[in-house]
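Indexing begins at 1, ligand by ligand and atom by atom, following the structure's order. FYI, the numbering just counts along the sequence from 1. Values in this document were obtained by computation on a predicted structure and should not be read as measured data.
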Amino acid sequence: MYSCGLTVYNYAHIGNLRTYIFSDILRRTLEYEGYDVIHVMNVTDVGHLTSDADEGEDKLEKGAREVGKSVWEIARFYEEAFWKDLDLLNIEKPKIICRATEHIPDMIALIQRLIDRGHAYETDQAVYFDISTFPKYTEFTRQPLEQKVVGAREEVQEDPGKKYPADFALWFKAVGRFKNHIMRWDSPWGVGFPGWHIECSAMAMKYLGETLDIHTGGEDHIWVHHPNEIAQSEAATGKQFVRFWMHGSFLIVGDRNASGEEKRMGKSEGNFIRLQTLIDKGYDPLAYRYACLMAHYRQKLRFTWESMDAAAAGYASLKEFAARAKQIGGEEPPWVDEYRRRFRAAIEDDLNMPQAMAAVSEMIREAETRKEYGVLDALYDFDRVLGLRLRESAEAATEIDPGIQALIEEREQARKAKDWARADQIRNQLAEQGIILEDTPSGTLWRRTR
Ligand SMILES: [Zn+2]
Ligand SMILES: [Zn+2]
């Protein structure tokens, strides 16, 4: 399984992170089902252009100039920040992480293979993929080629040597507007740097073979990046590149504007929210993961502060329940089987997480109604996919220091001896330490208020 990774010229925003929560849920579901998943993710640390039309400024160089650091420093800095964000969201790190800058020879070899097979040509400025040699190009999107031409017009004017407007660059030469490009390597076509699309084809095939099972990305990759990856890879090998393509949908920010348009989150849209922004506002990062679980990955998810509050409350009560169930304990009742079945059916149905979450919350409701709390094993089992760290949180919440445990037991003795004054005194003393007691038929439970 290959996931298109981040371009490390800035922090990830929570819209980007939604895509990685989706691929993490996919990977966890496959592992839950017993598959051995080799998960590969690239890091785009070669600067690439600000738009898919191969025009504009190099994003990495622009980012570096803005903060006065080298492009290499910038790439490592944001890459580290990205792994930290993934960790805070409990996203499992891919088994293989590949940086574009460390795979330039693989890309050069693939470009050479495309030239040798007549699928690529060289001009004064670049090496291009020749779309006319790959008739299947429009199959993936069913979008007529003429529509793609519109976006590429600028480049036509820039390079008169280009045969067809929709041909895309595999290698840029460090000439003309790229004369001063900082990241550069030697190649058979002169000093320069690779195009963005070629890196994913070269690295995916290097680690997963010429045909891979699953390739994930954001839905913005459907129109340009992925058709280009397919063209390069299949033209070079003559084999199917990917069996299943899966794309995560965008995060929409706030309400529609006056003309009813949706606003996707983006670095250029002026609505940039980082995971750290949520943390600074007092949210648990996993509350954002919880929010993402409430929508299907192929549906747009609308982000508002109200929806974030609702997710935080939902996550908090889930954790509270887990802590209660851990204190009360008990055998698993037979009715839990039905929820285990429903949960599994939901995740197997194209990762229908909203339905999986509905099964979880209905199971909790039934446990509360019946006062049968032996559902923790099921909850922990579901959490292998949900990734909400329920076990850690329940263990931390029920971990109590011996002094407090002794006081709770002393109060039990006092109650048995009908020494109500002493029992109340201990209750108040514990309340001051942030421990709230609740006397139930199954004994005295406690929880923390802070
Ligand atoms: Zn990619
Ligand atoms: Zn991709």
Task: Geometric class of the F168/F129 ring pair [parallel <30°, tilted 30-60°, perpendicular >60°] - done: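 F129 vs F168 ring planes: parallel.
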Hey, is there an N, O or S on [X] sitting under 2.8 Å from the Zn ion (ligand 1)?
X    : value
H225 : yes
C200 : yes
C4   : yes

Task: Criterion salt bridge (Lys or Arg N to Asp or Glu O under 4.0 Å) against E33, the qualifying member of R344, R384, R28 - done: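 Of the listed residues R344, R384, R28, the salt bridge (Lys or Arg N to Asp or Glu O under 4.0 Å) partner of E33 is R344.
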Task: Backbone N/O of A397 and side chain of R447: donor-acceptor pair under 3.5 Å - done: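 Side chain of R447 to backbone of A397, a donor-acceptor pair under 3.5 Å: no, none is there.
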TODO: Taking atom types as modelled, find out whether Y20 and D85 have a side-chain donor-acceptor pair closer than 3.5 angstrom.
DONE: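 On atom types as modelled, these side chains do not qualify, holding no pair under 3.5 Å.
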Open item on the list: For a quick check under 3.5 Å, do D349 and Q355 share a side-chain donor-acceptor pair by atom type?
Closed with: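 No pair is found: no donor N or O on one side chain lies under 3.5 Å from an acceptor on the other.
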Open item on the list: Checking one value in my table: which N/O/S atom of E229 lies closest to the Zn ion (ligand 2)?
Closed with: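 Minimum-distance N/O/S atom of E229 relative to the Zn ion (ligand 2) is OE2.
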- [ ] Name whichever N, O or S atom of H226 ends up nearest to the Zn ion (ligand 2).
- [x]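 H226's closest N, O or S atom to the Zn ion (ligand 2) is named NE2.
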TODO: Check whether any N, O or S atom of H221 sits under 2.8 Å from the Zn ion (ligand 2).
DONE: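 Here the distance criterion (N, O or S atom, under 2.8 Å) is not met by H221, so no.
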